[in-house]
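So the structure is just underneath, and the comments pick up after that.
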There are 2 protein chains.
Amino acid sequence: MSEETAFRMTEQRRAILETLHRVRTHPTADEVYAMVREELPRISLGTVYRNLEFLSPAGAILRLDGCGSQMRFDGTTKVHDHVRCTSCGRVDYVPGIPVTLKKTHPTVNGYEIIGHRLEYLGYCRACKRGRKRRTP
Amino acid sequence: MSEETAFRMTEQRRAILETLHRVRTHPTADEVYAMVREELPRISLGTVYRNLEFLSPAGAILRLDGCGSQMRFDGTTKVHDHVRCTSCGRVDYVPGIPVTLKKTHPTVNGYEIIGHRLEYLGYCRACKRGRKRRTP
DNA sequence: GTAATTGCAAAAATTTTGCCTCATA
DNA sequence: TATGAGGCAAAATTTTTGCAATTAC
């Protein structure tokens with residue numbers, strides 16, 4: 001009854017995974033491609049993209065998708081946080097949530113800190129409904 | 001001595017600004033284009049991009065650039081935060097910063113919350129140096 | 001052996017630019 | 001009227017996809 005999703009650990013997949021586990025730079029797909037190519041010169045960029053796409057929902061890697069792949073804009077310049085629906089990408093305001101964020105660390109890890117961004121992740125009303133229907 | 005940066009408030013710029021001030025959806029450039037086009041059908045997508053680019057550093061709008069325009073990946077799946085250099089885009093880990101984040105709000109604004117993302121913004125060591133040199 | 005996965009290359013999607021015209025200040 | 005800004009279309013970037021050939025299991 002339970003169809004195992006058969007997946008294979010190819011050289012390429014292993015190399016991508018190892019590379020991501022080794023570096024601390026949070027590389028872009030392009031950068032991963034360049035790094036893995038030193039070990040597997042014949043790997044293609046498409047394969048890198050497909051594997052990143054595959055490994056991320058599998059929980060093997062993290063995808064720092066700030067707000068999906070497109071940039072988003074906001075007419076309100078006063079400080080506020082956001083909630084983003086991880087299912088449909090919708091972004092909304094989070095008004096006045098009592099987040100106690102340690103006032104400021106002037107430097108962190110060598111960085112001169114000028115601010116922070118807090119984003120909640122979840123399911124919006126519409127997707128919540130959709131998900132409920134789909135999940136038995 | 002102080003050269004005023006002369007800029008003009010064109011119809012297009014005003015329309016883009018008004019649109020962003022009116023909606024709460026954090027639209028993408030494409031979506032802004034579609035919305036503004038209802039008022040100014042002859043506006044071009046290039047103009048929208050140029051204005052978003054212009055208005056954002058001017059402080060008139062906010063640009064939710066999660067991690068720049070490219071996606072980034074991370075081999076560490078255990079929970080941690082990030083610092084991003086707003087100058088060069090570099091992203092690093094932030095290990096064990098004592099952030100006191102209110103445990104959980106199960107729902108926020110209708111969203112079922114499953115997590116959050118905290119990102120510090122600042123200047124990395126290299127850019128800090130560069131910036132100092134440039135700023136008299 | 002079979003089907004998941006790759007390489008390649010073309011297509012799609014998103015963003016930036018050049019160039020000439022228009023119109024704000 | 002001088003020049004910042006717009007329109008248009010081409011180019012540059014980034015990501016996705018179709019398909020035949022490979023290869024892990």
Side-chain angles (χ1 to χ4, degrees), chain A residues 2-20 25-58 60-61 63-74 88-89 91, chain B residues 2-20 26-58 60-74 88-89 91:
Chain A
S2 71
E3 358 251 69
E4 297 284 324
T5 311
F7 70 90
R8 299 172 184 180
M9 185 50 70
T10 60
E11 266 198 300
Q12 291 89 337
R13 185 163 292 167
R14 181 200 43 71
I16 290 169
L17 211 39
E18 276 181 11
T19 298
L20 276 173
T25 47
H26 303 76
T28 61
D30 238 39
E31 291 165 348
V32 172
Y33 176 51
M35 291 188 281
V36 173
R37 213 135 69 120
E38 290 178 15
E39 186 186 344
L40 301 175
R42 298 192 40 84
I43 197 174
S44 81
L45 183 54
T47 295
V48 172
Y49 270 107
R50 270 189 285 231
N51 271 295
L52 293 174
E53 181 62 35
F54 173 90
L55 294 167
S56 164
I61 65 172
R63 164 201 212 106
L64 307 190
D65 52 343
C67 3
S69 55
Q70 270 182 86
M71 251 179 254
R72 286 176 180 275
F73 299 87
D74 181 341
C88 70
V91 176
Chain B
S2 72
E3 358 251 66
E4 297 284 325
T5 312
F7 69 91
R8 298 173 184 178
M9 185 49 72
T10 60
E11 267 197 300
Q12 292 87 337
R13 185 162 291 167
R14 180 199 45 68
I16 290 169
L17 211 40
E18 277 182 9
T19 298
L20 276 173
H26 303 76
T28 61
D30 238 41
E31 291 166 347
V32 173
Y33 177 52
M35 290 188 282
V36 173
R37 214 137 67 119
E38 290 177 14
E39 187 185 343
L40 300 175
R42 298 191 40 82
I43 197 175
S44 81
L45 183 55
T47 296
V48 172
Y49 271 106
R50 269 190 284 233
N51 270 294
L52 293 173
E53 182 62 33
F54 172 90
L55 294 168
S56 163
I61 65 173
L62 222 56
R63 163 200 212 108
L64 307 190
D65 54 343
C67 5
S69 55
Q70 268 182 87
M71 252 179 253
R72 285 176 181 277
F73 300 87
D74 181 342
C88 70
V91 176

Handout entry: Between D:dT14 (P) and A:Y33 (OH): distance, integer Å
Key = 14 Å
Problem - Set of residues satisfying side-chain contact (heavy atoms from CB on, under 4.5 Å) with respect to B:T47, sequence neighbours excluded - result: B:Q12, B:I43, B:S44, B:N51
Handout entry: Of B:F54 and A:L45, the one whose closest DNA chain D nucleotide lies more 5'
Key = B:F54
Handout entry: Nearest listed nucleotide, side chain of B:R42, among D:dG6, C:dT6, D:dG7
Key = D:dG7
Problem - Protein-nucleotide distance (B:L55, atom CG; D:dA5, atom C1'), rounded to Å - result: 12 Å
Problem - Pairwise side-chain contact, B:R13 with B:I16, heavy-atom cut-off 4.5 Å (strictly under) - result: no
Handout entry: Any donor-acceptor N/O pair, B:T19 side chain to B:A15 backbone, under 3.5 Å
Key = yes
Practice task
Report the distance from atom CD of B:E11 to atom C1' of C:dA25, rounded to the nearest whole Å.
Solution key: 15 Å
Practice task
Find the distance B:N51:CG to D:dG4:P and express it as a whole number of Å.
Solution key: 15 Å
Practice task
Measure from CZ on B:R14 to P on D:dG4 and round the result to the nearest Å.
Solution key: 22 Å
Exercise for the section: Provide the full list of salt bridge (Lys or Arg N to Asp or Glu O under 4.0 Å) pairs with a residue in residues 39-51 of chain B, sequence neighbours left out, each pair given once. Expected result: B:R14-B:E39
Fill in the blank from the handout: Against the side chain of B:R8, the closest entry in C:dA4, D:dC25, D:dA2 is D:dA2
Exercise for the section: Between D:dC25, C:dG7, C:dT14, spot the one nearest the side chain of B:Y49, thanks. Expected result: C:dT14
Exercise for the section: Starting from P on C:dG7, measure out to CZ on A:R13 and report it in whole angstrom. Expected result: 12 Å
Problem - Gap between atoms CD and C1', on B:E53 and D:dG4 respectively (whole Å) - result: 16 Å
Exercise for the section: Nearest whole angstrom, please: distance from the P of D:dA5 to the CD1 of B:I16. Expected result: 12 Å
Handout entry: 4.5 Å side-chain heavy-atom contact, B:V48 and B:D30
Key = no
Practice task
Choose from D:dA5, D:dG6, D:dT15 the nucleotide whose nearest atom is closest to any side-chain atom of B:T47.
Solution key: D:dG6
Handout entry: B:A29 to B:L45 - nearest heavy-atom pair and separation
Key = O-CD1, 4.4 Å
Problem - Any A:Q12 side-chain nitrogen or oxygen under 4.0 Å from OP1 or OP2 of D:dT23 - result: no
Practice task
Mind checking B:I43 for me? I need base, sugar-phosphate or nothing, with any heavy atom below 4.0 Å counting as a touch.
Solution key: sugar-phosphate
Practice task
Supply the atom-to-atom distance A:E18 CD to A:E11 CD, rounded to the nearest 0.5 angstrom.
Solution key: 10.5 Å
Practice task
Give one of base, sugar-phosphate or nothing for A:T10, where a contact means two heavy atoms less than 4.0 Å apart.
Solution key: sugar-phosphate
Write out a two-atom table: protein N or O, nucleotide N or O from nucleotides 18-21 of chain C, distance below 3.5 Å.
residue	atom	partner	partner atom	Å
C:dG18	O6	B:R50	NH1	3.3
C:dG18	O6	B:R50	NH2	3.3

